[in-house]
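Nothing fancy with the numbering, it's 1 onward along the sequence.
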Amino acid sequence: MKQEERFKLISRFTEEILTSEDLEFLLSRNVPLKHYIGFEISGPIHLGTGLVCMQKVKDICDAGVKVNILLADWHSWINDKLGGDRKKIKEVALGYFKEGLKAAYKCVGGNPGDLNFILGSDLYDKNNKYWETVVEASKHITLSRMKRSISILGKQEGEEVDFAKLIYPAMQVADIFIGQFHLVQAGLDQRKAHVIARQVADKIKISPLILDKKIISPIAVHHHLLLGLGKPPIWPITPEIDKKELWSSLKMSKSKPESAVFIHDSPEEIKQKITKAFCPEKELEFNPMIDWTEYLVFNREKKITIKREPKYGGNLTIKSINELKQLFRNGELHPEDLKNFVAEYLIELLKPAREHFSKGRKKKMLENLKELMKKD
């Protein structure tokens, strides 16, 4: 594959590459490259993780980069996931969560055999070099910078937290260097950790990131944060609102199950959730149905057909997201018709995940997780 094609695959449908120039240089060297994305272990896998994240993992894999997934059990413990119970976190990580990511990868057309899973505990156990790298990275991060970075845990800047959470950013930075990962992937909500990693890259002496005998900075690939189905707390959006901050707060989250679709939801559950979704007529901004159509549909389809009754104009064939947006803004595409299309599209797209968890040991994993979430 040509360098230009590899670059296009890695960068498509991303919010940001830090930096595009660095990525082009890295690809020009024509050497084996390693990717990494880390996931906290908590509840069921939703579309943001399962489809948006894993589609980008597949793009990177298709570009010839070795993909690695960190099952971040230590980070989950620090961030009080699953009640902070380390045994439960590890069990879910190696059971449901690993299987869920494999199932999601099938949905986007990937081969689960391409995925290399790393459990955080295995990476850190009896690994002095890792903990030395945590300390070394920390020596180049001020306390105030560390406090500002707790937003990567889903905490508000300035929020009072236990001290363990201040270690989290340094551990996330150390993960990159100890794994010798050239491309680090996450949503924009993890940007602060990646910026730190790039800024300390030339100061790390214990486990620097090396390419062609030279120290380099890791490249950050930031994918889109998918909107949840709920209505913004302030509507309509006023000019003084920080839209980036609002978008981040409205991203799909398993902590808001009513506004999220999970990869193994039944067709009935998918239809029910989407029917109730916020989707104001003629409004494009902060409209989850528009967002989902762009990042879950038109990232893989060149054209779509939205079914409509003859009395409403009959079926509508649309060849781009821009065309869809224009039709919706002009009132030529009704929210109900768009919702029906998105629901049916996702039901078919998620079929491999439903089948993956439909029987045997994997079905039991899902059932056990649901029971665990009731108690959490």
Report the C-alpha distance between Cys61 and Tyr105 in whole Å, list the side-chain angles of each, state the deciding distance to 0.1 Å, and finish with yes or no for side-chain contact (heavy atoms from CB on, under 4.5 Å). CA-CA 11 Å; Cys61 182; Tyr105 202 57; 3.5 Å; yes
- request: Verify side chain to side chain donor-acceptor pair (under 3.5 Å) between Glu240 and Thr238, making sure each step is shown before the conclusion.
  value: CA-CA 6 Å; Glu240 67 273 12; Thr238 53; 3.1 Å; yes
**Prompt:** With a 4.5 Å limit on heavy-atom distance, are the side chains of Glu294 and Leu324 in contact?
**Reply:** no
Taking Asp265's backbone N and O only, do any of them form a donor-acceptor pair with Glu269's side chain (distance below 3.5 Å, no angle check)? no
query = Does the side chain of His194 come within less than 4.5 Å of His222's, by heavy atoms?
reply = yes
* To do: Would you kindly confirm whether Val200 and Ile167 end up in one hydrophobic cluster when ILVMFWY residues are joined by side chain heavy atoms under 4.5 Å apart?
  => yes
d(Lys129 NZ, Ile206 CD1) to nearest 0.5 Å is 8.5 Å
Taking Asn127 for the side chain and Leu123 for the main chain, is one N or O donor matched with an acceptor at less than 3.5 Å?
-> yes
Glu336 atom CD, over 12 foreign heavy atoms within 6.0 Å: no
When rounded to the nearest 0.5 Å, the distance separating CG of Leu70 from CZ of Phe117 is 11.0 Å
*Intermediate values then yes/no, side-chain contact (heavy atoms from CB on, under 4.5 Å), Ile347 and Lys271*: CA-CA 8 Å; Ile347 288 168; Lys271 288 179 181 178; 3.6 Å; yes
Check your understanding: With no hydrogens and no angle check, do the side chains of Gln55 and Asp59 hold a donor and an acceptor under 3.5 Å apart?
Key -> yes
Could you see if Leu296 belongs to whatever hydrophobic cluster contains Phe262? Use Ile, Leu, Val, Met, Phe, Trp, Tyr and a side-chain cutoff under 4.5 Å.
no
The reported gap from CD1 in Ile263 to OG1 in Thr49 (rounded to nearest 0.5 angstrom) is 9.0 Å
| query | Would Val297 and Leu226 show up in the same hydrophobic cluster when neighbours are defined by side-chain heavy atoms closer than 4.5 Å? | reply | yes
* **Side chains of Leu369 and Pro44 in contact at under 4.5 Å (non-hydrogen atoms)** => yes
Going through the distances and angles, do Lys243 and Glu285 end up as a salt bridge (Lys or Arg N to Asp or Glu O under 4.0 Å)? CA-CA 10 Å; Lys243 292 184 179 180; Glu285 197 171 40; 2.6 Å; yes
- Query: When the ring planes of Tyr36 and Phe181 are compared, do they come out parallel, tilted or perpendicular, using 30° and 60° as the limits?
  - Reply: parallel
*Using atom types as modelled and distance alone, determine if a side-chain donor or acceptor of Lys106 lies under 3.5 Å from a backbone N or O of Pro112.*
no
Notebook entry, point to check: Can we say Arg191 and Glu16 salt-bridge, meaning some charged N sits less than 4.0 Å from an Asp/Glu carboxylate O?
Noted result: yes
Greater than 12 external heavy atoms within 6.0 Å of Lys155's NZ:
yes
More than 12 foreign heavy atoms under 6.0 Å from CD of Glu332: is that the case here? yes
Next on the checklist: I'd like to know if the side chain of Trp292 reaches the main chain of Leu227, judged simply by a donor and an acceptor atom lying under 3.5 Å from each other, with no hydrogens or angles considered.
Outcome noted: yes
More than 12 heavy atoms of other residues, nucleotides or ligands under 6.0 Å from CG of Asp212: is that the case? yes
| said: Is there a side-chain contact between Phe25 and Leu27 in this structure, where contact means two heavy atoms from C-beta onward sitting under 4.5 Å apart? | reply: no
For Lys282 and Gly331, indicate whether the former's side chain and the latter's backbone hold a donor-acceptor pair under 3.5 Å.
-> no
Pair Glu4, Lys2 - check salt bridge (Lys or Arg N to Asp or Glu O under 4.0 Å), show working. CA-CA 5 Å; Glu4 294 81 5; Lys2 294 181 180 179; over 6 Å; no
Checklist entry - Between Lys56 and Arg12, is there a donor-acceptor pair closer than 3.5 Å when you use the side chain of the first and the backbone of the second? => result yes
Q) So, do Phe286 and Phe278 have ring centers that fall under 6.0 Å from each other? A) no
- Task: Take Met171 and Tyr124 through the test side-chain contact (heavy atoms from CB on, under 4.5 Å) and record every step on the way to the result.
- Result: CA-CA 10 Å; Met171 287 182 63; Tyr124 312 150; 3.8 Å; yes
Check: Is there a chain of hydrophobic side chains (I, L, V, M, F, W, Y, each step under 4.5 Å between heavy atoms) that links Leu183 to Val31?
Finding: yes
Inset, instruction - Ignoring hydrogens and angles, tell me if any N or O in the side chain of Lys81 forms a donor-acceptor pair with the backbone of Ile89 under 3.5 Å. - result: no
Value for CG (Leu115) from CD1 (Ile69), rounded to nearest 0.5 Å, stands at 4.5 Å
Donor-acceptor contact present, side-chain Glu15 to main-chain Leu188, <3.5 Å: no
Asp189/Ser248 under side chain to side chain donor-acceptor pair (under 3.5 Å): CA gap, chis, key distance, verdict:
CA-CA 7 Å; Asp189 53 346; Ser248 184; 5.5 Å; no
Only one of Gln190, Lys192, His75 passes side-chain hydrogen bond (donor to acceptor under 3.5 Å, both in side chains) with Gln172, and that residue is Gln190
Check: Quick one: are His46 and Val261 in side-chain contact, heavy atoms under 4.5 Å?
Finding: no
Report the relative orientation of the aromatic rings in Trp74 and Trp77; use parallel for angles under 30°, tilted for 30 to 60°, perpendicular for over 60°.
perpendicular
- Query: Hey, is NZ on Lys165 packed in by over 12 heavy atoms from elsewhere, all under 6.0 Å?
  - Reply: yes
Heavy-atom count check: over 12 atoms from other residues, nucleotides or ligands less than 6.0 Å from Glu136 CD? yes
Exercise for review: Might you work through the salt bridge (Lys or Arg N to Asp or Glu O under 4.0 Å) test for Lys276 and Glu258, ending with a clear yes or no?
Suggested key: CA-CA 9 Å; Lys276 297 178 180 178; Glu258 70 285 351; over 6 Å; no
In this structure, CG of Leu26 is separated from CD1 of Ile219 (nearest 0.5 Å) by 4.0 Å
Of Lys370, Glu367, His264, the one forming a side chain to side chain contact (heavy atoms under 4.5 Å, CB included) with Tyr96 is His264
**Prompt:** Do Glu40 and Phe97 have side-chain heavy atoms sitting under 4.5 Å apart?
**Reply:** no
Test side chain to side chain donor-acceptor pair (under 3.5 Å) applied to His356 and Lys102, step by step: CA-CA 9 Å; His356 193 85; Lys102 287 182 184 178; over 6 Å; no
- prompt: Are Leu225 and Val221 connected in a single hydrophobic cluster, I mean Ile/Leu/Val/Met/Phe/Trp/Tyr linked by side-chain heavy atoms less than 4.5 Å apart?
  reply: no
So CZ of Arg29 and CD1 of Ile216: to nearest 0.5 Å the spacing works out to 10.5 Å
Derivation of the side-chain contact (heavy atoms from CB on, under 4.5 Å) call for Arg198 and Asp22 | CA-CA 11 Å; Arg198 287 179 55 81; Asp22 286 351; 2.9 Å; yes
- prompt: Is a side-chain N or O of Lys303 found less than 3.5 angstrom from the main chain of Ser320, in a donor-acceptor match?
  reply: no
task: Answer yes or no: is there a donor N or O on one side and an acceptor on the other, between the side chain of Glu24 and the main chain of Gln3, under 3.5 Å?
output: no
Would you say Lys8 and Glu5 make side-chain contact, with heavy atoms under 4.5 Å? no
Leu33 versus Arg6: any side-chain heavy-atom pair under 4.5 Å?
yes
Q.
Would you say Ser121 and Asp73 are linked by a side-chain donor-acceptor pair, where the criterion is simply a distance under 3.5 Å?
A. yes
